[in-house]
Amino acid sequence: MSTARLPVPADPITTAPVKEDLNSFRIAMRQFDYAAEKCGLEAGLCEVLRRPRRALSLSLPVKMDDGSIRVFEGFRVQHNSARGPCKGGIRYHPNVTFDEVRALATWMTWKCAIVNIPFGGAKGGIVCDPHKLSHNELERLTRRYAYEISPLIGPDKDIPAPDVYTDAQVMAWIMDTYSMTHGSSAPGVVTGKPLFLGGSLGRNEATARGCLFTVRAACKELGINLSGATVAIQGFGNAGSIAAQLLAKDGAKVIAVSDSRAGVLDRAGLNVEELLIFKAKTGSVLGFPSAEVISSEALIELQCDILIPAALENQITMQNAERVKARIVAEAANGPTTPDADLLLHNRGIMVIPDVLANAGGVTVSYFEWVQDLQELFWDEDDVNRRLERVMTKAFADVHATATKYSVELRTGAYILAIDRVANAMRTRGIWP
Ligand code: NAD
């Protein structure tokens, strides 16, 4: 086995464990290196795929409501476009870093290849706390960002989408800014738009629905009955809250959820519909009647069948992986498990459905939205969901078969499958000029 995956080594002098590296980009490289070595990827393509194709770093001046000027930092990174235009969300969060965006862009390349849609990988981000901006400030910041990245984006170049703390309204502003500066309306420049502006039915639920399809497939593989299975979900936004709803509809018992403030636990099962109404009214799950309060960290260690991290990176690390008790970890979030924790979970017999597979439903329906926009012909929701189910079920089977063939866990199987598809496109296209 490659040293890249060995558990955290001890410092030879102090015998204390060397601190785990939580840098998302180095984690993404480590995952890639391990899979590339396993599948014998040639050195030249390894070098190409270890680096993003291009990256834009931005200073974004914004006139605030009080008349002052603030400068925000932003990024757009395109990792690879061998299989098609780049695709990836835009994150607004105070902790966004260039390395995080580079990692997320890289993961997008593998994700699109795993579900076999004709896109490469990209990602964007702005260092900001959108909850502390007014609606007008958020609009001005978004439009300035859209203007600055508009030389890179376009329906056949790079198509942004929502991610943490961005939504359909933000996508509408980006679409409008791009359209105004290009002289014609271009709905295909972003996905995750409002329905009446060329959005797709089923897009809002797609990440969670895709995750559900992979959880169903994993349960089948492990002989777990999803009806009655216990579920804990960290993060109660687009991915987490809709996953809770869909899993409850499948008969699963959602015993705990958390958001950025705290979590709630009811071992008899939370009433997800009432919790959604409560969160919509109060802004948090905290204070939901008749539930115990738990921390987001404690949620990770709960006794349950299925754990769904649906918030941010590095939530399952060497600090807590030993205490994870779920049988399946379905990564709705990007990068929630560190490589060392991943190995530990695998050795403990816990199945991790990796992010590049578990949350690929979002980009899959984004692809459907883009196709509908280009054709100016829209599908009904059943059609979208049926196509999504086919894509996700096939992707799970392909990943599982690759992992079995190479005797590796699902994440490495997913990477090998993706690397093979991307490398094949690169070899056939050749290196320009
Ligand atoms: P969102 O903004 O809708 O929700 C984020 C949620 O995480 C919120 O409920 C927030 O309160 C919670 N949160 C933040 N910090 C937390 C913490 N420390 N502990 C617990 N909860 C915390 O974002 P989203 O779109 O649901 O994205 C969540 C994850 O899913 C991200 O990793 C994102 O990259 C990934 N993802 C999203 C999509 C999509 O289509 N939205 C697609 C693929 C992957």
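Enclosure of atom NZ in K325 by more than 12 non-hydrogen atoms of other residues, nucleotides or ligands within 6.0 angstrom is indicated. Atom CZ of R348 has more than 12 heavy atoms from other residues, nucleotides or ligands within 6.0 Å. Taking a 6.0 Å sphere around CD of E376, one finds it holds 12 or fewer heavy atoms contributed by other residues, nucleotides or ligands.
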- List the steps, then state whether side-chain contact (heavy atoms from CB on, under 4.5 Å) holds for I27 with D21. CA-CA 8 Å; I27 286 176; D21 186 356; 5.7 Å; no

- Step by step, work out the side-chain contact (heavy atoms from CB on, under 4.5 Å) result for I300 and L307. CA-CA 7 Å; I300 296 284; L307 171 65; 4.2 Å; yes

- Message: One pair to check against side-chain contact (heavy atoms from CB on, under 4.5 Å): V190 and I153. What are the steps and the verdict?
- Response: CA-CA 9 Å; V190 285; I153 64 172; 5.7 Å; no

- Task: Dump the intermediate steps for side-chain contact (heavy atoms from CB on, under 4.5 Å) on D380 and D383, then the final yes or no.
- Result: CA-CA 5 Å; D380 64 33; D383 204 1; 3.2 Å; yes

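P52 is listed as a side-chain neighbour of F25, based on a closest heavy-atom distance under 4.5 Å. A heavy-atom distance below 4.5 Å is found between the side chains of D176 and R143. Two residues are said to be in side-chain contact when any heavy atoms from C-beta on lie closer than 4.5 Å; I294 and L302 meet this criterion. Side-chain contact between C219 and V215 is present, with at least one heavy-atom pair separated by less than 4.5 Å. Using a 4.5 Å heavy-atom threshold, the side chains of E409 and D342 count as touching. The side-chain heavy atoms of V257 and L270, taken from C-beta on, include a pair separated by under 4.5 Å. At a threshold of 4.5 Å between non-hydrogen side-chain atoms, the residues L388 and M392 count as touching. Inter-residue side-chain proximity for T191 and M171 is flagged as unmet; no heavy-atom pair is nearer than 4.5 Å.
For the 3.5 Å distance criterion, the side chains of T338 and E20 qualify, holding a donor opposite an acceptor. Judged by distance alone, the side chains of E331 and T337 do bring a donor and an acceptor atom under 3.5 Å apart. Judged by distance alone, the side chains of Y415 and W107 do bring a donor and an acceptor atom under 3.5 Å apart. Side chains of T142 and Y92: a donor-acceptor N/O pair is present below 3.5 angstrom, by distance only.
Under the salt bridge (Lys or Arg N to Asp or Glu O under 4.0 Å) criterion, E137 pairs with no residue, sequence neighbours left out. Taking the salt bridge (Lys or Arg N to Asp or Glu O under 4.0 Å) definition, one finds that R323 meets it with E301, sequence neighbours left out. The salt bridge (Lys or Arg N to Asp or Glu O under 4.0 Å) test applied to D420 returns no partner, not counting sequence neighbours. The salt bridge (Lys or Arg N to Asp or Glu O under 4.0 Å) search around R50 returns D33, not counting sequence neighbours.
Using modelled atom types, one side-chain atom of D167 and one backbone atom of Q169 make a donor-acceptor pair closer than 3.5 Å. D99 places no side-chain N or O within 3.5 Å of a backbone atom of N23 that could act as its donor or acceptor partner. Looking only at distances, a side-chain donor or acceptor of T166 sits under 3.5 Å from a matching main-chain atom of D163. Side-chain atoms of D259 do not come within 3.5 Å of backbone N or O of G235 as any donor-acceptor pair. Side-chain atoms of K87 do not come within 3.5 Å of backbone N or O of G120 as any donor-acceptor pair. S81 contributes no side-chain N or O that, together with a main-chain N or O of G84, makes up a donor-acceptor pair within less than 3.5 Å. A donor-acceptor pair under 3.5 Å links the side-chain atoms of N320 to the main chain of Q315, judged by distance alone.
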Return a table of donor-acceptor pairs under 3.5 angstrom between the side chains of residues 72-79 and protein atoms on other chains or two or more places apart.
residue: R76; atom: NE; partner: D158; partner atom: OD2; Å: 3.0
residue: R76; atom: NH1; partner: G88; partner atom: O; Å: 3.2
residue: R76; atom: NH1; partner: G89; partner atom: O; Å: 3.3
residue: R76; atom: NH2; partner: G88; partner atom: O; Å: 3.1
residue: R76; atom: NH2; partner: D158; partner atom: OD1; Å: 2.7
residue: Q78; atom: OE1; partner: R54; partner atom: NE; Å: 2.7
residue: Q78; atom: OE1; partner: R54; partner atom: NH2; Å: 3.4
residue: Q78; atom: NE2; partner: L152; partner atom: O; Å: 3.4
residue: Q78; atom: NE2; partner: D158; partner atom: OD2; Å: 2.9
residue: H79; atom: ND1; partner: T109; partner atom: OG1; Å: 2.7
residue: H79; atom: NE2; partner: L49; partner atom: O; Å: 2.9

Donor-acceptor contacts under 3.5 Å from residues 126-133 side chains, at least two apart:
residue: D129; atom: OD1; partner: H131; partner atom: N; Å: 3.0
residue: D129; atom: OD1; partner: H131; partner atom: ND1; Å: 3.4

Name each donor-acceptor pair under 3.5 Å that joins a side chain in residues 111-118 to protein atoms two or more places apart or in another chain, with its distance.
residue: K111; atom: NZ; partner: N334; partner atom: OD1; Å: 2.9
residue: K111; atom: NZ; partner: N359; partner atom: OD1; Å: 2.7
residue: N116; atom: OD1; partner: R83; partner atom: NH2; Å: 3.3

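Residues in residues 268-301 take part in these ring pair (Phe, Tyr, Trp, His ring centres under 6.0 Å) pairs, two or more places apart or across chains: F278-F288. Contacts classified as ring pair (Phe, Tyr, Trp, His ring centres under 6.0 Å) and involving residues 347-370 (residues at least two apart or in different chains) are given here: F119-Y367, F119-W370, F368-W379. Sorted by first and then second residue, the side-chain hydrogen bond (donor to acceptor under 3.5 Å, both in side chains) pairs with a member in residues 192-209 read K193-E369, K193-D373, S200-Q372, R203-S366, N204-N238, R209-N385; sequence neighbours excluded. For residues 313-336, no pair satisfies ring pair (Phe, Tyr, Trp, His ring centres under 6.0 Å), with sequence neighbours left out. A ring pair (Phe, Tyr, Trp, His ring centres under 6.0 Å) check over residues 239-277, counting only residues at least two apart or in different chains, returns nothing.
A salt bridge links K394 to D398: at least one charged side-chain nitrogen sits closer than 4.0 Å to a carboxylate oxygen.
The CG atom of L22 sits 11.5 Å away from atom CE of M318, with the distance rounded to the nearest 0.5 Å.
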